[in-house]
Amino acid sequence: MGSHRNQGQTEGATLERVYCRGTLTEVLKYGPTDLYAAVKSPNPARALILIIPGNPGVVGFYKTFMWTLYQTFNRRYPVWAVSQAGHCSPQDTLDLVEDASVMESDVFGLNGQIEHKLAFLFEHVPRDMHVVLIGHSIGCYIVLEMMKRDQELKVLKSIMLFPTIERMACTPQGKVMTPVLCQLRYATYLPIFLLSLLPRWLKTSLVRMALRGFHSLDSSIIPAAVGLIDVDCAANAMYMGSQEMKLVKERDNSTIRKHLRKIIFYYGATDHWCPVEYYHDMRKDFPDGDIRLAEREFCHAFVLDTGKEMANIISEWIRDDLKAL
């Protein structure tokens, strides 16, 4: 397995590019970068906070969110994020996959992404380390499947932010995006390819223009958004999205019920991927669950403008669990 590391200029973030299940994967890390070595140090951290992103699953979008969490706990616990498989632009020295046989396992599909995260944990996280899993959007669906498939995973808490875990194609946004992702996505490849040929400064300007509606846009997400102007990255994200529309239908009540005491669900007040009616359905089906509705209008893609605020909220939810270790 290869590893290419770039020490970030912003607050000590470490970005690693590794192969996991044979596919290029980006891992953003605050704190120790090698947990197997870290657990041998004096007074090691006993928990990892791991972010499973939405789609597109680019870790650079979560930098401010992660840094705030890391600082809030006085840098006591490592905070990592692992990208969705293939949701990063290949560079001159790296290929998207290690060899062509990887494609036979459909690693870029929804099931492949779940197995990709489990493989990452197996390879990079000691089995006796507690984990706080923070899923965002489709990352919540992946987190539920991880808890279901790996019964020995030491999950301290799972935070489900704007969870797309049911009836995705039936949501207002799903109705718009299903035909785009399932029938029309190939038509977007040529425009994306042409845009990818533009100089970086011009792509950056286009991204800023596209996001000008966010009055408090987090400038740290700009490089991540520019990185999406890549045919391979965009194609993998859209293919995964097409499977989400087809496969995310019935809520996995059995897994939720089994792990209910460990899970916090957080729904948006105006989220077109997770309508408020889904929140009310959850409250009805799981009256004893910790199921919350946002008190302010956070957008589904909260990392674009309110990553710091969201991290401050979440830190209060998990503080006592971490102290109890």
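Scope of the values below: all heavy atoms of this structure, side chains included, with no hydrogens, waters or symmetry mates. Please read all numbers here as calculations on a predicted model, not as lab measurements.
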Quick one: do the Thr64 and Asp218 side chains pair a donor with an acceptor below 3.5 Å?
yes

Measure the spacing between CD1 of Ile264 and OG of Ser158 and express it to the nearest 0.5 Å.
9.5 Å

In terms of heavy-atom contacts, does CD of Glu295 have more than 12 from other residues, nucleotides or ligands at under 6.0 Å?
no

Mind checking the NE2-CZ spacing from His272 to Phe162? Nearest 0.5 Å is all I need.
13.0 Å

Heavy-atom check, side chain of Leu15 versus side chain of Val59, under 4.5 Å:
yes

CA sep, side-chain torsions, deciding dist, call: Asp232, Tyr189, side chain to side chain donor-acceptor pair (under 3.5 Å)
CA-CA 9 Å; Asp232 289 321; Tyr189 293 173; over 6 Å; no

Does Ser315 use its side chain to pair, donor to acceptor, with the backbone of Asn312 at less than 3.5 Å?
yes

Other residues, nucleotides, ligands: >12 heavy atoms within 6.0 Å of Glu297 CD
no

Do you know the tightest heavy-atom contact between Val248 and Ile165?
CG1-C, 3.5 Å

Would you indicate whether His259, at its atom NE2, is surrounded by more than 12 heavy atoms from other residues, nucleotides or ligands within a distance under 6.0 Å?
yes

NZ or CZ of Arg167 within 45° of Tyr278 ring axis and under 6.0 Å
yes

Looking only at heavy atoms, what is the nearest atom pair of Val303 and Ile221, with distance?
O-CG2, 3.6 Å

Relative to Tyr19, does Arg21 satisfy both conditions: NZ or CZ under 6.0 angstrom from the six-membered ring centre, and within 45 degrees of the ring's axis?
no

Show me the pairs that pass ring-ring contact (aromatic ring centres under 6.0 Å, His included) and involve residues 306-325, at least two apart or across chains.
Tyr266-Trp317

Residue pairs passing the salt bridge (Lys or Arg N to Asp or Glu O under 4.0 Å) test with at least one member in residues 108-117, sequence neighbours excluded, are Glu115-Arg149

Counterpart residues, ring pair (Phe, Tyr, Trp, His ring centres under 6.0 Å), relative to Tyr62 (two or more places apart)
His136

Minimal non-hydrogen separation, Val276 against Gly268, with atom names
CG2-O, 3.9 Å

Around Tyr36, counting heavy atoms of other residues, nucleotides and ligands shown, do more than 12 lie under 6.0 Å from its OH?
yes

To the nearest 0.5 angstrom, please state how far the CG atom of Leu260 sits from the CZ atom of Phe265.
7.0 Å

If I compare all heavy atoms of Ala224 with all of Phe61, which pair ends up nearest, and what's the gap?
CB-N, 3.7 Å

Thr25 vs Ser83, side chain to side chain donor-acceptor pair (under 3.5 Å): CA-CA, chis, key distance, verdict
CA-CA 6 Å; Thr25 305; Ser83 76; 4.9 Å; no

Taking the inter-plane angle between the rings of Tyr70 and Trp67 on a 0 to 90° scale, is it parallel (under 30°), tilted (30 to 60°) or perpendicular (over 60°)?
tilted

Assess, by modelled atom type and distance only, whether the side chains of Gln84 and Asn55 contain a donor and an acceptor separated by less than 3.5 Å.
no

According to the interplanar angle, ranging from 0 to 90°, do the rings of Trp273 and His300 count as parallel (below 30°), tilted (30 to 60°) or perpendicular (above 60°)?
tilted

Quick one: does any side-chain atom of Gln113 pair with a main-chain N or O of Ala85 as donor and acceptor, under 3.5 Å?
yes

Give a yes or no on whether Lys308 atom NZ has more than 12 heavy-atom contacts from other residues, nucleotides or ligands under 6.0 Å away.
no

Check: Phe302 ring centroid to Phe65 ring centroid under 6.0 Å:
yes

Any donor-acceptor N or O pair under 3.5 Å, side chains Asn253, Arg251
yes

Tell me whether Glu250 at atom CD has more than 12 heavy atoms from other residues, nucleotides or ligands lying less than 6.0 Å away.
no

Any chain of hydrophobic side-chain contacts (each under 4.5 Å) joining Leu217 to Val226?
yes

